[in-house]
Amino acid sequence: MIKRLKRGIVSTMNRVLKHPVWSNHVLQWLAVLVSCVFFVAFIATPLNTVYQTLFGLATFLLAFGISKISRQRLPALILIVISSAVSLRYFYWRLTETLGFETLLDAAFGYGLVAAEIYALVTLFLGYFQSAWPLRRKPAFMPKDTSTWPTVDVFIPTYNEDLSVVRQTALAAKLLDWPSDKLNIYVLDDGRREELRAFCERAGVGYLTRPDNKHAKAGNINSALAKTNGEFIAIFDCDHIPTRSFLQITVGWFLKDPKLAMLQTPHVFFSPDPLEQNLDVFNRVPNEGQLFYGLTQDSNDLWNATFFCGSCAVLRREHLLMVGGIATESVTEDALTALKMNDIGLNTAYLAIPLAAGLATETLSRHIGQRIRWARGMAQIMRNHNPLLAKGLSISQRICYLSASLHFFYGLPRLVFLTAPLAYLFFGAQLFQASPVAIMAYALPHVLHAQLTNLQIQGKFRHSFWNEVYESILAWYLMWPTLATLITPEKARFNVTAKGGTKNVSYFDWALAKPYIVLLLLNITGMIVGVWLLFTSSGDQAVIFTVLFNMAWTLHNIVICGASVAVAGEQKQLRASPRVEFEIPATLALPTGHRIACHTSDFSAEGLGLVMQQPVPLEIDEMVQVSLFRGDEEEIFPARVKFNRGNRIGVKFHNLSTEQRVRLAQLTFGRADLWIQKWAKTKPDSPLVAISQIGRFSLRGIGLLFTETGKVIGRRLRKSETQETVQS
Amino acid sequence: MKNVLSIVSAKGGVGKSTIAANIAAGLCELGHPVLAIDLDPQNALRFHFSFDSGRTPGLVAADEHNFAQLFEPTNLGVELLSYGNSSEQQRMDFEDLLKRNPNWLKEQLTKLQLPDDAVVVLDTPPGPSVYMSQALLTSSLSLVVVLPDAGSYVSLPQMMSLLEKYCLHRQDFIDYGIIVNQSDQSKTLSKDVLSMLRSSFGERIVGRIHLDQSISESLACGQTALKYAPYSEGSYDLMACAKWVHQRCHGVGGRP
């Protein structure tokens, strides 16, 4: 019944939209005009609190109903319009009715909050515009005749990363499906390591160095540009392992579009980032990057404003040289390079097919360090290459770049939201000159519609409320760098994100958690003050409502801060080289000559997990041979048994030759189908589940804070006891 | 008689009987009624089913009247007709019979009036012989077994010309394929011959059976590998061959 209704609505909408009437220009303008009048009336018509409440409820129900029709792009567009109107209505009311501050204290806090809200509103609208219509570009096919294919240089810049990481990427790059006389691989080593040079020689890949490390990665690539001559350049960070189909799938668009300068593919990580690791949500909750690569970039593509992300991308040499190589004026050289390309009228494109995967940063401090670099870089662009002032950009390109660079300024506004109710609870400041009920009647629709609309457009890529968690964790650390960079852009320095290695033990990162512990304690204090205020209110209804309103807000802040603290509880990683869960047909050959068919449960560069049909009596450290298959291809790898329980066996490879490592890469990380099966496969969320999930993390964070504090106090006590015994 | 599969090879010792017995067992598992007939005077097919099978007089004692009675059941569900223990004279008489009537076997099988989905698996002696010509003339499917060694590679053309003579022109012939037995990717020669075979015969290579100790052991235990070590790679490989036959019997694939 409901299904039929939905189908009916969709087909009616389609029929209305496709009606020939719409091709009439006069009618088009008339429709726009009528819509505008309604829009203005919607925003500015004053209503009393009761009617506003009813109006808000009705609008929300309408939007909710539309959101249930389908997850297509059209309902999302309608939701965007409704949400924008509701938010503008709130702001119209907010700016006209709630700012009559009576004291300086009220005004200081009140205008601060309004400013933060305006920032949030602007980024919300920019975000809506930017992600309204994901392009969903399909790959373009290469011509049959491979002799017409262009030459490609693959650059793998590295500085100090672990050799095993670089090795895997270089080997995988060598296996790219491309005519071998038209493909050159270069490892660009700013570390100038002899061991790496020797490996490259053995593996038959190019090895380039330069005398200095000026301009870090950008400088490294530019120096290699001068020494090579392929028509196209594919760039992989040394820990992004490409699958064999990468070039065949990406280069096609360059042949189709002669003005295409850069094509970006998603960055996929096969290891959990610190947030996923510490909260244990890997593969369950979409990570921070998923929104950007799943939705933002795909939508940027519509506006011809895809950003270059430094890795897993192809660039046309001719066009790269036209903008003077990779930009060196920003610490996010990649985004600026794309901006320069767009600025001179070249195209950039995005293909949402995962064709390479890499390691995520594994500690929170490095994760934050990386985000700080991005934030500073985007702030530099904002300051020195302001997209609003750039000459050659189209309006929509300006908006996309503006949205991207403004995005990183969320630090300060986020902290304002996390502390705003305390202004009332601690100091009695009246941030709104309105009754709490009126505030709820206007503000709640604004917040709820934004949540609903974002759920509709982002559902698969970002779960409800997780945005707040992700932003809050970084807010404190991004605030200073972004603001400082705005004032003195040149001081922003480049720091390489180190990857590889192990977190051998679980520990609590006190230093990083400190700002959130402070915020958490402040908000908890706020709650206590709130309770006290309730008791001393002597039944004044207005006061009670205001206190309750601020306490509810504080509770929300406690949940978010608690979750941020939970992230600082670093969980140890078990294996040095991260595993990828993937089933590959395999055979276990025993020393006795028996061969047992099985499949892998996971693989890494160093070993395999095998699933047997029945237990196999094998001792730990016994030598076996493992065959891996891809179609008819079979390759045998010597290995030692490291684990054997039930029908699960874990093996570690034993003395693989370079040739065998190449073959291993081909059968594991290089598989073309690998990431497509795994990427963006988290399910769209239900907001209630997300709330309870985040609530639990918050409790965990608060619990963690107590136990860790207990441990520290315990240690101190023991220390002073021993000191006392020594003294006595 | 629709589905008759002959297992043939130009050279001896390539594992035909093992493959015949296991494919027969595999087809049973896939739901076919299966008859297995040993056309090899070595009379060894029976050992793959159990040590005490082969109690009937066998094929060598067959005539127009008793053919149907000579089959014996095996514990796997395959109806087995072994060659039988024969005196030299018996064998020569039987071969004379086959020489006089190249379609003798076909006629006997037709008389059995087997159901449509039944499969007859014929095991043959190596190289050209009166048995092989009977088998090839009777069969609608044929599998040529080779080892990944030089000898097998050079003997393949002879096998191909026999297929051409007896099978390929016949309307009722469905398809043939090559099975590479005892393949071992850790040996360079084995690997190279396999890739040579692949480049010369391409899609014709329909099966590859790894050198697997479990297969040799299964014979020593008087069992098929499928029963003795169902999870061994050898069993998987053999089952894949049985599935190839199964698909051809159901009209999937076949000669273009």
Side-chain angles (χ1 to χ4, degrees), chain A residues 583-601 608 610-618 622-641 644-649 651 653-657 659-664 666-668, chain B residues 15 18 22 26 148 177-221 225-244:
Chain A
E583 274 187 27
I584 304 171
T587 296
L588 184 66
L590 309 186
T592 53
H594 293 85
R595 292 173 61 88
I596 306 165
C598 55
H599 62 81
T600 64
S601 54
L608 298 169
L610 298 173
V611 181
M612 317 301 296
Q613 299 280 351
Q614 56 184 21
V616 180
L618 274 172
E622 204 167 329
M623 282 297 297
V624 291
Q625 309 274 332
V626 181
S627 295
L628 291 180
F629 296 88
R630 196 186 59 186
D632 284 333
E633 271 178 67
E634 173 186 354
E635 192 62 31
I636 302 174
F637 304 99
R640 275 185 195 284
V641 176
N644 188 359
R645 192 182 303 153
N647 51 3
R648 300 266 177 172
I649 292 179
V651 299
F653 297 123
H654 184 71
N655 290 342
L656 296 190
S657 65
E659 175 64 19
Q660 280 174 318
R661 284 199 178 276
V662 174
R663 302 283 294 160
L664 180 65
Q666 203 162 34
L667 289 161
T668 54
Chain B
T18 307
N22 279 288
I178 298 168
I179 292 181
V180 184
N181 194 17
Q182 298 177 14
S183 125
D184 181 355
Q185 287 299 90
S186 64
K187 301 279 186 300
T188 317
L189 180 67
S190 168
K191 211 171 171 172
D192 291 350
V193 173
L194 180 63
S195 64
M196 267 161 70
L197 283 168
R198 279 233 165 83
S199 62
S200 335
F201 295 98
E203 298 289 294
R204 280 287 162 218
I205 313 280
V206 297
R208 168 158 77 119
I209 297 156
H210 287 83
L211 181 62
D212 183 346
Q213 193 62 24
S214 314
I215 297 181
S216 325
E217 279 173 16
S218 64
L219 176 58
C221 295
L226 259 49
K227 178 147 191 260
Y228 172 76
Y231 300 126
S232 68
E233 186 183 41
S235 295
Y236 274 68
D237 294 342
L238 286 161
M239 198 62 199
C241 296
K243 281 180 183 155
W244 179 85

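Naming: A, B, ... by sequence-line order, numbering from 1 per chain. Values reported hereafter were calculated over all heavy atoms of this structure, with side chains retained and with hydrogens, waters and symmetry mates removed.
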Here the pair of heavy atoms bringing B:Gln213 nearest to A:Thr592 is CG-O, 3.5 Å

Hits for side-chain contact (heavy atoms from CB on, under 4.5 Å) against A:Glu633, two or more places apart or cross-chain, chain-then-number order -> A:Arg244, A:Arg630, A:Arg663, A:Gln666, A:Leu667

Check your understanding: Is there a donor-acceptor pair closer than 3.5 Å between any side-chain N or O of A:Asn644 and the backbone N or O of A:Pro617?
Key -> no

Tightest non-hydrogen contact, residues A:Leu656 and A:Pro638, listed as CD2-CD, 3.8 Å

Under 4.5 Å to a heavy atom of chain A? For B:Leu211 that would be backbone

* To do: Using a strict 4.0 Å threshold on nitrogen-to-oxygen distance, state whether B:Glu217 and A:Arg595 make a salt bridge.
  => no

Are there more than 12 heavy atoms of other residues, nucleotides or ligands under 6.0 Å from atom CD of B:Glu203?
no

Bottom line for B:Tyr231: the part with an atom under 4.5 Å from chain A's heavy atoms is both

The reported gap from CG in B:Leu226 to OG in B:Ser232 (rounded to nearest 0.5 angstrom) is 8.0 Å

Expected contact set for residues 181-193 of chain B against chain A at heavy-atom separation under 4.5 Å reads B:Gln185, B:Ser186, B:Lys191

So, the part of A:Glu635 with a heavy atom under 4.5 Å from chain B: the answer is side chain

